[in-house]
Visitor: 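Pasting in a structure now, in structure tokens, and then I'll have a few things to ask.
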Amino acid sequence: IIILFLTISNARSQAFSLDTTFNMDYNFYPLSISYASIYDILFEPDGKIMVYGEFEDGHTASIKRIYNDGSIDNTFTFLWDSGITRMKRINNDYLIFRQDLYQAKLNYFGQHVDTSWTRNIDRLDICSILHDPYIWDDGSMLVGTDSICNSTGPYSRWFKKYFPDGNMDTNFMHYPNGMVGGVFKYSSDKFLLWAEGPPGVGFTKYDNQSAVRMCRIDSAGNFDTTFHSIFADFGLPKPLYVQNDGKIIVGGAFILQNDLANYRSFIRLNANGSLDTTFNNNIFCTSNSANLKNVIAICPTPDGGYLIGGDFKSYQGFQRKGIAKIDINGFLDTTYFANGQGIDSVHYYLNLNPYITRIYPGLNDTYYVMGMFKYYNGQKVQPIIRIKGLSSGINENKKSISDIVLYPNPASSQITVSYFQEMEDAVLEIYNTLGIKQMEAKLPQGQNSYSFSVSHLAKGYYKAILKEKGNIRGQQGLVVE
């Protein structure tokens, strides 16, 4: 019994510890007053990772491409001012966006291509902002804009659809009555729109239907009357994750219509928009922190729970520094991140707290964590790290021999598996969190990549295991959305 206890304790102590095989060889903080925030990453088919955000380090480099070990790929040479907030790969090119109306199309090496795409978007009288768009694989997109300010006729809208060439779809005629903060995919053919800002700024109606701060639409922009908003006209209710049962986890800082006295930062909605009372919806923030990140990042874990991140200092009454482990219903797992572990910083740039913006599953039960911070568990780090997962410390000698890459991840329709050597009699098996096999794909011999459909899988977390002649050669977490 004692030996078993020590084994479990040691494994738990190593879970979510730093993965020291990931070493960023780029210094985001060369100066004592420097500031850096990683907004997001983009997984590449060749196993590399695009890292982008706001790097105030004396170099105009807001995008870096790195290898799986964190070293820099110097073949990507894009240089521009900081603040790239969104990036999407379209075939072999990239669409990039900065919130204050800078967008461009780049090739694989970071060079500008297809300037007509940029001109087509710019000429439509957008004043300053493109808000958090949803971009299809062909390059068409749904996006919130502020072109209401200085244009008339069909161009005067808070919400638009663009063709892949950057021209506006003038037949897409839908009208929120205020700013759209972003577009979030709900299902294969439906989207959630959300708003932010003080009262009177974010939308409260969509096509004259009541839709305070959030609504659901189909891909043609039609209003979904089965979804009803419970939010008051204040704050930032941002959809973070849609479960396979259609329930929606929402983060940010916001007020509910039936509880105007409290600011909340984390709730779960039923598919119809009502509050899910089985979830821990009582995560509050104070009014003077209503514009902070609070809970803003979430990633499923193999046990059915989640890793969450943001700029919170506590969760459910327990000290937690920007990162926590919760169960499926939002209740804290007190085993992890206790005793002051998590993110921290020795300085606060412009009085901002350290925060986490995104958490993604990596190879072999690891997670990428990024944001604005200088320390993790007391160790000085760059603002993107890789941490070990729940299985860390358990059967370390049985780790996979060969890494695999699943792209894109999260996925919704099709996914590509890349493996770094040719194999014989290879199969890819997909398992759910209960360990039940959901599908098996036989991989063609003489190749090192293969694409297949996952559209039949329910939303959620899965484990992909690559086997050669029955032996495990690699594994990776997979999120289907």
Side-chain angles (χ1 to χ4, degrees), residues 5-22 37-38 240-241 249 251-252 264-268 279-285 289 292-346 348 352-362 364-394 433 461 477 479:
F5 173 78
L6 291 175
T7 301
I8 294 174
S9 296
N10 183 54
R12 286 184 171 179
S13 68
Q14 294 185 59
F16 308 125
S17 60
L18 278 174
D19 179 357
T20 56
T21 65
F22 180 79
S37 179
I38 306 300
L240 301 181
Y241 185 74
I249 297 179
R264 298 172 190 262
S265 62
F266 198 50
I267 62 173
R268 186 166 66 194
F279 193 77
N280 182 14
N281 298 304
N282 298 315
I283 306 301
F284 300 105
C285 52
S289 68
L292 298 181
K293 302 290 188 296
N294 295 288
V295 180
I296 206 70
I298 189 168
C299 183
T301 52
D303 62 351
Y306 300 99
L307 272 180
I308 59 171
D311 65 1
F312 51 87
K313 298 256 187 345
S314 65
Y315 188 93
Q316 203 176 304
F318 292 84
Q319 182 189 38
R320 290 295 183 272
K321 291 185 175 181
I323 189 168
K325 172 71 175 67
I326 60 173
D327 68 14
I328 185 66
N329 290 317
F331 292 93
L332 185 68
D333 185 337
T334 58
T335 306
Y336 307 104
F337 303 107
N339 303 317
Q341 292 184 323
I343 62 167
D344 206 348
S345 180
V346 295
Y348 299 91
L352 292 174
N353 291 325
Y355 55 81
I356 289 172
T357 55
R358 295 285 190 274
I359 305 173
Y360 289 116
N364 298 321
D365 193 25
T366 59
Y367 298 89
Y368 289 94
V369 180
M370 66 216 71
M372 187 191 80
F373 49 86
K374 280 191 173 183
Y375 288 84
Y376 181 78
N377 291 352
Q379 183 172 337
K380 194 168 185 179
V381 294
Q382 297 297 331
I384 176 171
I385 57 177
R386 190 165 67 206
I387 62 176
K388 299 177 182 179
L390 288 168
S391 65
S392 177
I394 302 175
T433 56
Y461 184 93
V479 176

Visitor: Decide yes or no for Phe337 and Leu307: does some side-chain heavy atom of the first lie under 4.5 Å from some side-chain heavy atom of the second?
Guide: yes

Visitor: With Phe266 as reference, evaluate Ile296, Asn280, Asn294, Ile283 under the side-chain contact (heavy atoms from CB on, under 4.5 Å) test and give the passing residue.
Guide: Ile283

Visitor: For residues Leu18 and Asn377, determine if any side-chain heavy atom of one lies less than 4.5 Å from a side-chain heavy atom of the other.
Guide: no

Visitor: If every non-hydrogen atom of Arg320 is compared with every non-hydrogen atom of Ala324, which pair is closest and at what distance?
Guide: CG-CB, 4.1 Å

Visitor: Under 6.0 Å between ring centres, would you say that holds for Tyr241 and Tyr306?
Guide: yes

Visitor: Could you walk me through whether Tyr315 and Ile308 satisfy the side-chain contact (heavy atoms from CB on, under 4.5 Å) test, starting with their C-alpha distance in whole Å, then the side-chain angles of each, then the deciding distance to 0.1 Å, before giving a yes or no?
Guide: CA-CA 10 Å; Tyr315 188 93; Ile308 59 171; 3.6 Å; yes

Visitor: Does a side-chain heavy-atom distance below 4.5 Å link Thr334 with Phe318?
Guide: yes

Visitor: Which pair of non-hydrogen atoms, one from Gln341 and one from Lys321, has the smallest distance, and what is that distance?
Guide: O-CB, 3.7 Å

Visitor: From Ile387 CD1 over to Ile359 CD1, what is the distance, rounded to the nearest 0.5 angstrom?
Guide: 7.0 Å

Visitor: Shortest non-hydrogen contact from Tyr336 to Lys325?
Guide: CD1-CG, 3.7 Å

Visitor: Decide yes or no for Arg264 and Asn282: does some side-chain heavy atom of the first lie under 4.5 Å from some side-chain heavy atom of the second?
Guide: yes

Visitor: What heavy-atom pair brings Gln14 and Lys388 nearest, and what distance separates the two atoms?
Guide: O-CB, 4.1 Å

Visitor: Does any non-hydrogen side-chain atom of Tyr367 lie less than 4.5 Å from one of Thr301?
Guide: yes

Visitor: What's the separation between atom CZ in Phe331 and atom CZ in Phe279, rounded to the nearest 0.5 Å?
Guide: 8.5 Å

Visitor: Where is the tightest heavy-atom contact between Val369 and Ile356, given as atom of each residue plus distance?
Guide: CG1-CD1, 3.6 Å

Visitor: Any side-chain heavy-atom pair from Arg386 and Thr21 closer than 4.5 angstrom?
Guide: yes

Visitor: Answer yes or no: is there a donor N or O on one side and an acceptor on the other, between the side chain of Asp311 and the main chain of Pro354, under 3.5 Å?
Guide: no

Visitor: So, do Met372 and Ile343 sit near enough that their side-chain heavy atoms are less than 4.5 Å apart?
Guide: no

Visitor: What's the shortest heavy-atom distance between Phe373 and Met370, and which atoms?
Guide: CE2-C, 3.6 Å

Visitor: When you compare the side chain of Pro383 with that of Ser37, does any pair of heavy atoms fall below 4.5 Å?
Guide: no

Visitor: Which distance, rounded to the nearest 0.5 Å, do you find between the CG of Asp333 and the CD of Gln316?
Guide: 10.5 Å

